[in-house]
K.L.:
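What follows is a single structure, and I will ask about it in a moment.
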Amino acid sequence: LRYHNIAMIGFSCIYIASCVVLVRQLETPGLVLANCVNMMARITFSLYFITQFLYKNPVSGMAPVRSALPSIFVIVAFIASYLITRASNEFFYLSNPFSAKYFLLHTAIGTAS
């Protein structure tokens, strides 16, 4: 428990430092990025803790962690959906941002992908 309390203090320090740096440079978006940095640090710590726990547990091993990961098909589908939506944004929406027709077309493509 003491180890986790020290880790939480470390995460708070990371958040404060990233807030100071990023908000000075990027203003409001810096606050969002500072939260992203904080969450990535916490996720990394959690993954480390979970893997260490599961390696020490000879009954289940790493099977629960591996079963929670998405399949390669899901990852490829996410990437394809991102690329299609990004292209739609570039070609349709950003070319005429005030056009309802292009907005609806971009939204339909994003929904379909």
Side-chain angles (χ1 to χ4, degrees):
L1 187 59
R2 186 168 191 261
Y3 178 70
H4 292 287
N5 287 337
I6 292 171
M8 294 306 285
I9 291 170
F11 295 135
S12 297
C13 293
I14 289 171
Y15 175 70
I16 291 169
S18 60
C19 256
V20 168
V21 171
L22 293 172
V23 169
R24 281 185 184 169
Q25 292 183 359
L26 303 173
E27 296 175 355
T28 306
L31 186 62
V32 174
L33 289 175
N35 278 312
C36 291
V37 168
N38 185 30
M39 288 308 298
M40 288 304 297
R42 288 175 181 234
I43 289 168
T44 303
F45 174 78
S46 295
L47 286 174
Y48 173 77
F49 178 79
I50 290 168
T51 54
Q52 292 302 312
F53 174 79
L54 292 176
Y55 275 130
K56 292 176 185 175
N57 183 358
V59 175
S60 63
M62 289 296 292
V65 174
R66 286 194 188 102
S67 67
L69 296 175
S71 69
I72 191 69
F73 176 76
V74 172
I75 293 171
V76 169
F78 282 147
I79 292 171
S81 178
Y82 168 76
L83 293 175
I84 290 168
T85 306
R86 177 73 184 215
S88 167
N89 186 45
E90 294 291 328
F91 293 124
F92 297 117
Y93 184 65
L94 290 181
S95 62
N96 286 324
F98 299 109
S99 170
K101 178 177 84 172
Y102 287 125
F103 172 76
L104 291 174
L105 180 63
H106 169 62
T107 304
I109 290 171
T111 303
S113 67

K.L.:
Would L83 and I75 show up in the same hydrophobic cluster when neighbours are defined by side-chain heavy atoms closer than 4.5 Å?
P.N.:
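The answer is yes; both residues are in one hydrophobic cluster.
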K.L.:
Any side-chain hydrogen bond (donor to acceptor under 3.5 Å, both in side chains) pairs touching residues 68-88, not counting sequence neighbours?
P.N.:
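Qualifying pairs, neighbours excluded: S81-S113, T85-S113, S88-H106.
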K.L.:
So, taking the atom named CG in N38 and the one named SG in C19, what distance separates them when rounded to the nearest 0.5 Å?
P.N.:
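One gets 8.5 Å once the value is rounded to the nearest 0.5 Å.
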K.L.:
Just grab all the salt bridge (Lys or Arg N to Asp or Glu O under 4.0 Å) pairs involving residues 94-111, residues at least two apart or on different chains.
P.N.:
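Every candidate salt bridge (Lys or Arg N to Asp or Glu O under 4.0 Å) pair involving residues 94-111 fails, so no pair, neighbours aside, qualifies.
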K.L.:
Holding to ring-ring contact (aromatic ring centres under 6.0 Å, His included), I want the full list of residues that pass it with F78, two or more places apart in sequence or in another chain.
P.N.:
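For F78, no residue satisfies ring-ring contact (aromatic ring centres under 6.0 Å, His included) once neighbours in sequence are set aside.
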K.L.:
Can you tell me how far CG of L31 sits from CG of L22, rounded to the nearest 0.5 angstrom?
P.N.:
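It is 9.5 Å, given to the nearest 0.5 Å.
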K.L.:
Here's a test for you: under side chain to side chain contact (heavy atoms under 4.5 Å, CB included), which of V21, L26, V23 qualifies with L33?
P.N.:
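It is L26; the other options fail the test.
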K.L.:
Which pairs, with at least one residue in residues 9-37 and sequence neighbours excluded, count as a ring-ring contact (aromatic ring centres under 6.0 Å, His included)?
P.N.:
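Counting only pairs at least two positions apart or across chains, the ring-ring contact (aromatic ring centres under 6.0 Å, His included) contacts touching residues 9-37 are F11-F45.
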K.L.:
Taking a hydrophobic cluster as the set of Ile, Leu, Val, Met, Phe, Trp and Tyr residues connected by side-chain heavy atoms closer than 4.5 Å, whether directly or through intermediates, do I84 and Y102 fall within one such cluster?
P.N.:
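Same cluster.
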K.L.:
Quick one: side-chain contact (heavy atoms from CB on, under 4.5 Å) partners of I9, sequence neighbours excluded?
P.N.:
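Checked I9 against side-chain contact (heavy atoms from CB on, under 4.5 Å); matches are C13.
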K.L.:
Sequence neighbours left out, what passes side-chain contact (heavy atoms from CB on, under 4.5 Å) with Y48? Give chain and number order.
P.N.:
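If we apply the side-chain contact (heavy atoms from CB on, under 4.5 Å) test to Y48, skipping adjacent residues, the hits are Y3, Q52.
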K.L.:
Output the distance between atom CG (L104) and atom OG1 (T111), rounded to the nearest 0.5 Å.
P.N.:
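Rounded to the nearest 0.5 Å, the CG-OG1 separation comes out at 10.0 Å.
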